[in-house]
Amino acid sequence: MITPPSGVAGVLVTLALLASGSMGERERSLRLPNATYPLFYQLHISSDIHKGQLLFSGNATIDVAIRQSTNEIVLHAKNLTDIQITVHRLAAEGSVIVDDLTHTLHPTAALLIIHPTVNHQTFEEGKQYRLEILYTAIMTSRPAGLYYMDYRDEENNHTVYVAATQCEPTYGRLIFPCYDEPGFKSNFSIKITHGSSHSAISNMPVKEVLAHGDLKTTSFHTTPPISTYLVAFVISDFGSISETYRGITQSIYTSPTSKEKGQVALKNAVRTVAALEDYFGVSYPLPKLDHVALKKNYGAAMENWGLITYKEFNLLKNISSDGYKRKLDMITQNHEIAHQWFGNLVSPEWWTYTWMNEGFATYFSYVITDLIYPNEKMMDMFMTHEADSAYSYNSFFDVHPMSHYVEGEKDIMGVFDIISYKRAACVIKMFHHAFRQKLFVRGISHFLEKYRYSVVNELNLFDALQSELQDDEYFSQQPWASRITEIMLSWTHSEWLPILVVSRNYENNTITFSQRSVHMKDELWWIPINFATTQSPNFEDTQVDMFMPPEPQYTVSLEDLKIQVSGRDWIMVNKQHTGFYLVRYDTDNLMAIARQLQTNHSVIHPINRLGLFRDLGPLIEHNEIEQVEVVFELLKYLEFEEDVLTWNQLQDTIDCLTRNLHGTSSQSLFNEFVRRLVGPTFRRVYVEHGVNLAEDGMSHGILEIACSADLPECLEYTRRLAKEHIIDKIYFKDGSDYHAIIDSVLCMGVRYLSDQDFQRIIDMMQEIDRGSVYYDDIIYALRCTQSHRHLLYYLEGLMGENSTHMVLSEFEDLMYLLYIYKSNLASRPIIWQYIERNYKVLCRAPNFMEHFKQLAGFVPRHQRSHFERLRQTIASHMMQEGLISNQTLIEVNSPLVGKKMKITENFQDKFEQQIHKWLLNELPQASSRSDALLSASLSAANGSSRPQGVLKEATRVLRSALRIVDMYR
């Protein structure tokens, strides 16, 4: 420690790092204390990234107010070195050096603690201090803190280095010492010293640029109060295109050769900022908004105030970019633009309320985009990209409430999840509709204005909505109008999703509503309910008619609800499925809905038709349906259904029924029934309209339903595309968004191959580069063949002892075998046959015990004796060979054997005879017509221009995929 001569004004105090000390040794909270508060930052970063040098230096000067007398000032700092600190006490008559100070680093909490050398109270309440902190640090390649990337300048034949920041959520501390919590908002004055070949941009416009030798120092105007996670700058040689509208200059920054690819994004940004200003009545407060395309970025984009960074793939577009990707990219950009209000102008006081940033940005990015581009059906995309995930998330993973307290860096990262983005967006959508859209938006506008440049919690939001509703002539008269906070908290503090059961009493004209959690957790909600009926089929008014209070059961008369229905009329709740909950109806009401669908399905809104099957799905999946005939009566109308989203929603239901009827006398009848339903829609979408699968991105559910049911037109369609891929080298588009489409088409295209064509592919593969994408794609597609002979040959060739097509590791072999078993029903008896032939090799794999146990879960009861014999054979062999494992081979009497088949077997016991009878009555001329299936005629050629194969992509996510498929069982 260097201590200056005492009493000498203006001399700097340099504080050296202490290896240990009382301040650093004691247990500390991961949260910053509230005794001090940052008022103003002056940040100066110096970098030679233009030379490829990763070391940078910084000078962070922070004016701090003391709220409560304390003996320490605590900030965040992480991986910063060579720290030197000077502290001044500020006063009207000038500044005074504070002596006898030192500092300690607390690595676990990433804290920098400034404190006296002798423990006494030094920092007085009501006083202000100035901290000048000098330090150095190193850029990383990972997008966290200040990171670097490079690109090749082909014109000048050299590598160009670029530096950018990623501060959210806790990475600001990697760039400069700071109060790195969202609740500490301050003004920032930023300077960047950089090479003269580069330029710097930051949150605010450039104030001045001073040249000195081969360096420049770029100074920026002072920001309004912002949280540290929004501080941003980029050092690059990028070029830009710009447009100014309503006094706001927006620019797209790209590498010099890519500027024109930003034109689409620039025009969208200008329209979106103006639309958001008009929609909420709150002006964008900064004079500029930059959009920067980077080679690397954390996620698709980051909403830094005034300087949004993107992965260039998500921002730059060729003129030929397909419509599906263009819509996804617009949503990405408009999500970040919406953050300029939600998160930037008004910020959460802590990460507990991350959903207030991400949920609002997610939902209103769709609302605004739909307003700007009404023909793009963006709210349909909301259903597929956001709502579907929000509903399914509750089924697969551990969940937490939307408002969820976290502290550690890892836990903070964890709240940026489906719940904060997608579930929150669905809840916001629910109340946007329930509270009348214009009124809800007015409440949000007042909320944004009241708390601009401030930090908030959820109660501030709820109070704003409460005030708006109580001022409304209609809502103020409702019995729940004074309980908005209570209503909202029931959603933001619950973990699961409610099921609303609607039971009509046809004798006394009442409805009893029951509610429970999807996972039987002891949670109750205020559930907004509205009604459409046979006599009043108005699905457009989505305002709430009543709230079911947080009680297990609640009965109300139709007279009190002002609903008129007869006994055979239908009632539907949750119009347009704006409410985030599942609905279950009594059987008589479902039959009334089915009659309406068969008579004129268009009377019921498309989203409610979709929602009907979403709500029924879990009942069918878990054999909880009361009468299976009602499911088939609801399905009957589908030959007239043209809505793509409804078909996509149906896929899981039809897959479930297909799986449960596999191997029964009803299997071929059900496939014919499905072909009758899906045939007209498939022909309209794929034959008459000639949809481009890669550009459409939303209708491949129809294709999978049709081909899985062996619709000849679908098999012919996918066979043709597979032929084009294999023979004509007409490849699908690149990018992870299309892997599912590629897999579907190739999988369905090779379902039925003649022996000759199958052998031709196998022979051809001997000539193909095994590291090529083409080889991967074909190997992965062949798993879908329905021929038992082909499957056995495929397994022997891919994984057997004498494999000629080894592309999987020993560990991946069994994992992939399990995946095939679960995804291709035709493979199941063949896989057991394969294991019987190859157990001597398979049991040597380190993970054999675990995967054999998982396979044992799928043993049907009629194959139990065969499994017992096989298990005994394998156990005897392992004992003879001395194969010892830390796990034991599953016992034949284990309750896990056959466990995964229980639901299917119970379904068959309970419903198969009823289904068979219903199908025979519905299909009097029923025949399997399997002879109508045409074999694929394929010849082959090498090569593929795509950089990554489906198999490699599948292997990357296989562990996760297997877990999810397992849960579907």
Side-chain angles (χ1 to χ4, degrees), residues 250 252 261-277 279-280 284 289 291-294 297-304 308-318 321-344 354-355 357-391 393 416-429 432 607 644-645 648 694-699 733 735-738 740-741:
Q250 296 203 62
I252 308 292
K261 292 182 181 179
Q263 290 287 356
V264 173
L266 180 60
K267 291 185 181 302
N268 175 68
V270 170
R271 296 184 70 178
T272 300
V273 169
L276 282 163
E277 287 185 319
Y279 191 77
F280 290 108
Y284 176 75
L289 178 56
H291 308 261
V292 186
L294 299 170
N297 198 63
Y298 192 89
M302 173 60 206
E303 70 266 19
N304 312 296
I308 302 172
T309 56
Y310 304 79
K311 282 181 182 172
E312 61 182 15
F313 176 79
N314 298 107
L315 185 68
L316 304 184
K317 301 168 184 66
N318 294 310
S321 287
D322 65 75
Y324 180 62
K325 182 182 183 303
R326 177 175 51 80
K327 288 194 281 189
L328 288 175
D329 290 345
M330 278 196 301
I331 287 298
T332 296
Q333 185 176 32
N334 293 353
H335 176 103
E336 308 309 325
I337 294 174
H339 268 308
Q340 307 302 301
W341 285 262
F342 299 104
N344 298 7
T354 298
W355 69 266
N357 285 10
E358 301 302 343
F360 275 95
T362 297
Y363 176 57
F364 282 108
S365 65
Y366 283 91
V367 171
I368 288 298
T369 309
D370 190 58
L371 287 173
I372 300 172
Y373 309 100
N375 295 327
E376 298 287 4
K377 298 184 177 180
M378 299 307 300
M379 297 314 294
D380 285 356
M381 185 171 279
F382 178 88
M383 295 293 292
T384 58
H385 279 262
E386 314 301 339
D388 283 353
S389 298
Y391 278 96
Y393 187 83
F416 289 83
D417 60 5
I418 288 177
I419 292 173
S420 293
Y421 285 77
K422 299 174 186 289
R423 177 179 175 172
C426 289
V427 171
I428 292 165
K429 176 186 176 182
H432 182 216
I607 297 178
V644 169
L645 295 184
N648 285 346
E695 293 192 10
D696 173 70
M698 295 181 68
S699 62
K733 289 184 176 289
S736 59
D737 292 327
Y738 304 107
I741 298 172

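Below, all heavy atoms of this structure are taken into account, side chains as well, without hydrogens, waters or symmetry copies.
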Legend entry - Step-by-step side chain to side chain donor-acceptor pair (under 3.5 Å) determination, T332 to N314: CA-CA 7 Å; T332 296; N314 298 107; 4.7 Å; no

For F360 and I428, run side chain to side chain contact (heavy atoms under 4.5 Å, CB included): C-alpha distance rounded to whole Å, both residues' side-chain angles, the deciding distance at 0.1 Å, then the answer.
-> CA-CA 7 Å; F360 275 95; I428 292 165; 3.5 Å; yes

Discussion item. Applying side chain to side chain contact (heavy atoms under 4.5 Å, CB included) to Y421 and H335, what does each step give before you reach the verdict?
Written reply: CA-CA 11 Å; Y421 285 77; H335 176 103; 4.0 Å; yes

**Intermediate values then yes/no, side chain to side chain contact (heavy atoms under 4.5 Å, CB included), M378 and I372** = CA-CA 10 Å; M378 299 307 300; I372 300 172; over 6 Å; no

May I have the step-by-step check of side chain to side chain contact (heavy atoms under 4.5 Å, CB included) for M381 and E386, ending in yes or no?
CA-CA 8 Å; M381 185 171 279; E386 314 301 339; over 6 Å; no

**Chi angles and distances behind the side chain to side chain donor-acceptor pair (under 3.5 Å) call for Y373, N268** = CA-CA 10 Å; Y373 309 100; N268 175 68; 2.8 Å; yes

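Residues H291 and I337 meet the side-chain proximity criterion, which asks for heavy atoms closer than 4.5 Å. Looking at N297 and M302, their side chains come closer than 4.5 Å, going by heavy atoms from C-beta outward. No side-chain heavy atom of D370 sits under 4.5 Å from any side-chain heavy atom of F382. Between M330 and T272 the shortest side-chain heavy-atom distance does not fall below 4.5 Å. Residues Y366 and M383 form no side-chain contact, since every pair of their non-hydrogen atoms from C-beta on lies 4.5 Å or further apart. Between E376 and R326 there is a side-chain heavy-atom pair separated by less than 4.5 Å.
Rounding to the nearest 0.5 Å gives a distance of 9.0 Å between CD of Q263 and CD1 of I252. In this structure, the separation between OG1 on T309 and CG on L294 is 5.5 Å, given to the nearest 0.5 Å. Considering CG of L289 and CD1 of I308, their distance stands at 4.5 Å, rounded to 0.5 Å. Between the CG atom of N334 and the NZ atom of K327 there is a distance of 14.0 Å, given to the nearest 0.5 Å.
A pairwise comparison of heavy atoms in V367 and Y279 identifies CG1-OH, 3.8 Å as the closest pair. Nearest heavy atom pair, residue G359 against residue A424, reads CA-CB, 3.7 Å. Minimum interatomic distance between L315 and V292 (heavy atoms only, all atoms of both residues): CD2-C, 4.1 Å. Here the closest non-hydrogen pair linking W341 and L276 is CZ3-CD1, 3.6 Å. Of all non-hydrogen atoms in C426 and A387, the two that sit nearest each other are SG-CA, 3.7 Å. Contact detail for A265 and Q333: the closest heavy-atom pair is O-NE2, 3.2 Å.
Checking side-chain atoms of Q250 against main-chain N and O of A269 turns up a donor-acceptor pair under 3.5 Å. T362 places a side-chain N or O within donor-acceptor distance of the main-chain N or O of E358, the cut-off being under 3.5 Å.
Applying the side-chain hydrogen bond (donor to acceptor under 3.5 Å, both in side chains) test to E303 and every residue at least two apart in sequence or in another chain returns nothing. With sequence neighbours excluded, no residue forms a side-chain hydrogen bond (donor to acceptor under 3.5 Å, both in side chains) with T354. When the ring pair (Phe, Tyr, Trp, His ring centres under 6.0 Å) test is applied to F280, the partners found at least two apart in sequence or on another chain are F342, F364.
Taking the six-membered ring where the residue is Trp, H385 and Y324 present tilted rings, their angle falling between 30° and 60°.
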